[in-house]
There are 2 protein chains.
Amino acid sequence: MDITPVTRTAVSDEVFGQLVAEILSGRLAADDALPGERELAERFGVNRHAIREALKRVQQAGLVRIAQGGKTRVLDWRQNAGLDTLSQLAAASALPPLQILRDISEMRRTVAADATRLCAQRATDAQLAAILAAAETYPADSTEIADTFGPDLDFWTCVIDGSGNVAYRLGLNTLVGGFAEIGWQTVVDLGLGAEYADRDAHLALARLIADRDAEGAHRLAEELLGRTVARISAAIEK
Amino acid sequence: MDITPVTRTAVSDEVFGQLVAEILSGRLAADDALPGERELAERFGVNRHAIREALKRVQQAGLVRIAQGGKTRVLDWRQNAGLDTLSQLAAASALPPLQILRDISEMRRTVAADATRLCAQRATDAQLAAILAAAETYPADSTEIADTFGPDLDFWTCVIDGSGNVAYRLGLNTLVGGFAEIGWQTVVDLGLGAEYADRDAHLALARLIADRDAEGAHRLAEELLGRTVARISAAIEK
DNA sequence: CAGGTCAACTGGTTGGACCAGTTGTCTGGA
DNA sequence: TCCAGACAACTGGTCCAACCAGTTGACCTG
């Protein structure tokens, strides 16, 4: 028996999701005017307050411009949306999941690799110890891929914390969110194998960082994370 | 006479800003329970709907967990907030502006440099032409720094568009937003000079990209954008 | 003292009214 | 004929009041 917690979605969340999907998918084009709040409320069959809550969030995401007295207009999301919209992009099927996955993994490689370099330069001794410890708990290569996600995330979180760059830290959160939205199953299906869950490489990387070898650590991190990019790119080719 | 458009801030925006500031500044610690919506409404002197609109957005930002029946609790923003919170971070004075500026410029350097490499590999001919054109409109080194922000942003936007990576595109939007939140004046005060507005370097970079010299373009981009990082880091030292 | 019951919270949703800007039309005077 | 100004009909913004729906913990009962 496989039990999944029931998901109670608030109406405003539902409205938010649908509006975002309409915009990201292009069914609502940039500069189009949205129906008035009263009409939306009627069409969605919910109260106007729920519409307003959703609309405010769509605005926060940078997808519409709301003006009192005037109409609410759709903005060009490529030009105005923030990185947090990435996960919505996956949910709305606005782009092929594999492309989003590739873009995420590319950004992850680049950002994490640079964080590795900075970490080797700036991390405190306590942070270095945490990284070494995280690398130790990295599962053996033979483990189920799905079981390596957790330790892998732990490891890189330590590294990015060690870099002392909050933008990287917050960016990581967003990327992980986008990853989750696409679904781990998709990732597993790609057949990521040893090139992803390489315990020895992560141990070596931790040691390079602890030795303050910034350039060496950067190179290894880039190579290590590049494997995933290569794997996904290969899958796209097919 | 210097006229600035009046800013009519919606009540819920005001509430949102204050709540976020409370959380990011640490005055509301992680795992703390927020007062109930009815009490917040009374304390802020506004309607409960305004509180709800704000609270929903705080939730979307990943700063609180709302549960029907239970209390609304503060989350650890370092662990849960997305990159879009970066601009709030500046507004809330949760961290020194110069540190945020450094982190943003570091991320900008790393992401844009990688985008440059990808751009050289993947850009269409039309995109290459756009890049060359953008580089042409880059102002001469002697121009007021403030006047180079626009053309500079245009140039890099073209490059990142050419990379075909939506994550980079959206990330750029967020970073620019964070930059703007801190205020261009702060940036100007840093005394960024020729190392930032280097017309010749940008022209050279555009040519490298057009020649599909991925590695060469990557190197130059990293060096070029690294200048700003170095400038800000130096300012922090003092 | 373990168990269930229930009242008093919490957030979620609804309805309706009214305020406050924007826009376009229509009218009256130059 | 044309144009300024008034106005009506939108738009979003805010508020009040009520009730629904979960959660929690105190309290009572066996």
Side-chain angles (χ1 to χ4, degrees), chain A residues 3-20 22-23 28-75 77 80, chain B residues 3-20 22-23 28-75 77 80:
Chain A
I3 294 179
T4 313
V6 293
T7 52
R8 293 169 285 266
T9 314
V11 275
S12 71
D13 290 344
E14 177 67 24
V15 173
F16 173 73
Q18 288 197 40
L19 287 177
V20 169
E22 287 296 309
I23 295 172
L28 279 174
D31 217 51
D32 279 0
L34 258 60
E37 295 178 350
R38 293 163 178 84
E39 183 182 341
L40 283 174
E42 195 169 347
R43 299 230 299 238
F44 276 104
V46 301
N47 190 277
R48 192 178 150 214
H49 291 299
I51 300 290
R52 284 185 55 78
E53 278 180 17
L55 232 33
K56 264 285 179 188
R57 292 171 60 195
V58 178
Q59 178 189 37
Q60 173 170 338
L63 300 180
V64 298
R65 180 183 46 240
I66 301 178
Q68 181 174 358
K71 295 193 174 182
T72 298
R73 291 194 169 277
V74 177
L75 295 174
W77 62 267
N80 295 281
Chain B
I3 294 179
T4 313
V6 292
T7 53
R8 293 167 285 267
T9 314
V11 198
S12 70
D13 290 344
E14 177 67 23
V15 174
F16 173 73
Q18 287 198 39
L19 288 176
V20 169
E22 288 296 307
I23 294 172
L28 279 174
D31 217 52
D32 279 358
L34 258 61
E37 295 179 351
R38 293 164 179 84
E39 184 182 340
L40 283 174
E42 195 170 345
R43 299 229 300 236
F44 276 104
V46 302
N47 188 273
R48 193 177 150 214
H49 288 299
I51 300 291
R52 284 184 55 77
E53 280 179 15
L55 232 32
K56 264 286 181 187
R57 292 171 58 194
V58 178
Q59 178 190 36
Q60 175 171 338
L63 300 179
V64 299
R65 181 182 46 240
I66 301 177
Q68 182 174 358
K71 295 194 172 181
T72 298
R73 292 193 168 278
V74 177
L75 296 173
W77 62 266
N80 295 281

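Numbered from 1 within each chain, the chains take letters A, B, ... in sequence-line order. All figures in this text were calculated on a predicted structure; none of them were measured in a lab.
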Mind calculating the distance between [atom1] ([X]) and [atom2] ([N]) to the nearest angstrom?
{"X": "B/Asn47", "N": "C/dC18", "atom1": "CG", "atom2": "P", "answer": "16 Å"}
{"X": "B/Glu14", "N": "D/dC15", "atom1": "CD", "atom2": "P", "answer": "12 Å"}
{"X": "A/Asp32", "N": "D/dT11", "atom1": "CG", "atom2": "P", "answer": "16 Å"}
{"X": "A/Arg73", "N": "D/dG12", "atom1": "CZ", "atom2": "P", "answer": "11 Å"}
{"X": "B/Ile51", "N": "D/dG13", "atom1": "CD1", "atom2": "C1'", "answer": "15 Å"}
{"X": "A/Arg52", "N": "D/dT14", "atom1": "CZ", "atom2": "P", "answer": "6 Å"}
{"X": "B/Ile66", "N": "C/dG11", "atom1": "CD1", "atom2": "P", "answer": "8 Å"}
{"X": "B/Lys71", "N": "C/dA8", "atom1": "NZ", "atom2": "P", "answer": "16 Å"}

_Donor-acceptor under 3.5 Å (B/Arg73 side chain, B/Asp31 main chain)_ = yes

*Residue whose closest nucleotide on DNA chain C lies nearer the 5' end, B/His49 versus B/Arg38*: B/Arg38

_With a 4.0 Å limit, can you tell me whether A/Thr72 has a side-chain N or O closer than that to the phosphate oxygens OP1/OP2 of D/dG12?_
yes

*Where the side chain of B/Gln68 is concerned, which of C/dG12, C/dT14, D/dG13 is the nearest nucleotide?*
C/dG12

*What nucleotide, of C/dG12, D/dG13, D/dC15, holds the atom closest to the side chain of B/Ala50?*
D/dC15

*asked:* For B/Glu53 and B/Arg48, find the nucleotide of DNA chain D closest to each by heavy atoms; which residue's nucleotide sits nearer the 5' end?
replied: B/Glu53

*Would you say B/Phe16 and A/Lys56 make side-chain contact, with heavy atoms under 4.5 Å?*
no

*Check: A/Leu19 and A/Phe44 side chains under 4.5 Å, non-hydrogen atoms*: yes

_Is it the case that the side chains of A/Gln18 and A/Glu22 hold a donor-acceptor pair, with the cut-off being a distance below 3.5 Å and no angle test?_
no

